[in-house]
Amino acid sequence: MNMVQIKDDPKPLLLSRAFFTRETKTVAQESLGKTLVRVTEDGLLVAKIVETEAYLGEHDPAAHASFGRTKRTEVLYGEPGHAYVYQLHGHHCLNFVAEPPGSPGCVLIRALEPLEGIEVMRRLRGKNEMELIPIANGPGKLCKAMGIDMVMYGADLVDPASPLQVWEPLEEQERQVEISRRRGITKAADWELRFTLKGNPYVSR
DNA sequence: CTTACGATTCCC
DNA sequence: GGAATCGTAAGG
């Protein structure tokens, strides 16, 4: 990890709008290994994306977009590369909006490998003595650890002034993607749209 | 307004 | 295995 590079020259690391302007399934797979960055008053919170799920749009029974265009899903129909945040069971979940405007695909972020700002993440999770793995190995847990709530709804992930950004990987990595069924849903449960970094211990169970 | 229902988490 | 928990969407 090269913190000098992070602080001095973040722009070349930012992903492009074009990255998100692709098929949802592609964006979900390609997001693995990328870097999620939360800019806070206590410094940068940095983590590697290790688990994602694709939600395909209005014809995906498990997707929120299957309800059509509502106040909640509005951002899904807009410009790709923005954050879709929603609440569930008192927790928050983070998605990346994918596909061109009008096509409401999105990518659920399900687990992170914490890299920087780990003490702040522990504090946000409410447990100072927490082990590294359980800090962000679930969709609700990672939002709490990264300080992501409804304020982040619609945040532009490719804007260097945004509180929530997605960067290229911080260092070279080999990347083997494993494909499986989406977790925790009852509709279209057999669709294989969950993507994980093979062998990564920070993936959710 | 009322009701049903989760893309979850944590504890027993 | 089960409870906590609360916004959303749908129906009256």
Side-chain angles (χ1 to χ4, degrees), chain A residues 20 23-32 34 36 47 49-78 80-99 103-114 121-155 157 164 166 177-197 201-205:
Chain A
F20 296 98
E23 250 186 80
T24 303
K25 203 194 290 192
T26 304
V27 177
Q29 295 199 47
E30 293 298 315
S31 292
L32 291 178
K34 297 292 195 258
L36 187 65
I49 297 168
V50 301
E51 176 177 346
T52 62
E53 278 178 5
Y55 287 85
L56 301 184
E58 296 186 345
H59 299 292
D60 177 353
H64 290 166
S66 67
F67 292 100
R69 199 164 180 150
T70 66
K71 173 149 200 206
R72 175 169 68 157
T73 60
E74 189 61 34
V75 74
L76 294 177
Y77 290 82
H82 288 255
Y84 169 50
V85 181
Y86 67 92
Q87 289 173 274
L88 174 72
H89 286 102
H91 300 94
H92 297 274
C93 292
L94 170 69
N95 297 250
F96 299 161
V97 176
E99 310 218 357
S103 183
C106 66
V107 175
L108 172 69
I109 310 304
R110 286 193 57 90
L112 300 174
E113 173 182 338
M121 293 183 196
R122 284 200 175 98
R123 198 178 73 227
L124 288 169
R125 289 276 278 115
K127 296 192 170 137
N128 291 333
E129 68 289 347
M130 178 176 278
E131 297 295 323
L132 211 46
I133 286 181
I135 289 180
N137 64 346
K141 295 196 244 182
L142 73 88
C143 282
K144 199 161 185 204
M146 298 287 281
I148 295 167
D149 57 19
M150 291 312 287
V151 174
M152 297 291 131
Y153 183 94
L157 303 168
L164 189 62
V166 189
V177 175
E178 208 155 39
I179 304 176
S180 55
R181 298 156 74 135
R182 293 184 291 190
R183 296 291 174 91
I185 56 173
T186 54
K187 301 169 189 167
D190 55 334
W191 294 15
E192 303 229 314
L193 293 173
R194 174 174 176 255
F195 307 99
T196 55
L197 283 182
Y202 296 88
V203 165
S204 76
R205 293 290 144 204

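Note on naming: letters A, B, ... go to the chains in the order of the sequence lines (proteins, then strands), and numbering restarts at 1 for each one.
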Given dA9(C), dT9(B), dA7(B), the nucleotide with the shortest approach to the side chain of His91(A): dT9(B)

Among dA9(C), dA7(B), dT8(B), the one nearest Ile185(A) by side-chain distance: dA7(B)

Mind calculating the distance between [atom1] ([X]) and [atom2] ([N]) to the nearest angstrom?
X: Leu124(A); N: dT9(B); atom1: CG; atom2: C1'; answer: 17 Å
X: Arg69(A); N: dA10(C); atom1: CZ; atom2: P; answer: 16 Å
X: Leu76(A); N: dA7(B); atom1: CG; atom2: P; answer: 14 Å
X: Ile135(A); N: dT8(B); atom1: CD1; atom2: P; answer: 20 Å
X: Gln87(A); N: dA4(C); atom1: CD; atom2: C1'; answer: 15 Å
X: Leu88(A); N: dT8(C); atom1: CG; atom2: P; answer: 12 Å
X: Arg181(A); N: dA7(B); atom1: CZ; atom2: P; answer: 16 Å
X: His92(A); N: dG6(B); atom1: NE2; atom2: C1'; answer: 16 Å

is_close_aromatic(Phe20(A), Phe96(A)), centroid dist under 6.0 Å: yes

Salt-bridge present (Glu53(A), Arg182(A); N to O < 4.0 Å): no

Counter-base of dA7(B), judged by Watson-Crick or G-U geometry with both distances under 3.5 Å: none

dT5(C) pairs with, by Watson-Crick or G-U criteria that keep both distances under 3.5 Å: none

Contact nearer the 5' end of DNA chain B, comparing Pro134(A) with Leu94(A): Leu94(A)

Under 5.5 Å and under 30°: Phe67(A) stacked on dA9(C): no

Stacked pair His89(A)-dT8(B), distance under 5.5 Å, angle under 30°: yes

Would you please confirm or rule out a distance under 4.0 Å between OP1 or OP2 of [N] and any side-chain N or O of [X]?
X: Lys141(A); N: dC10(B); answer: yes
X: Arg125(A); N: dC10(B); answer: yes
X: Arg110(A); N: dT8(B); answer: yes
X: Arg72(A); N: dA9(C); answer: yes

With Tyr202(A), the side-chain contact (heavy atoms from CB on, under 4.5 Å) member among Leu132(A), Ile135(A), Leu142(A), Ile49(A): Leu132(A)

Any side-chain heavy-atom pair of Tyr55(A) and Val107(A) under 4.5 Å: no

Check: Met146(A) and Leu112(A) side chains under 4.5 Å, non-hydrogen atoms: yes

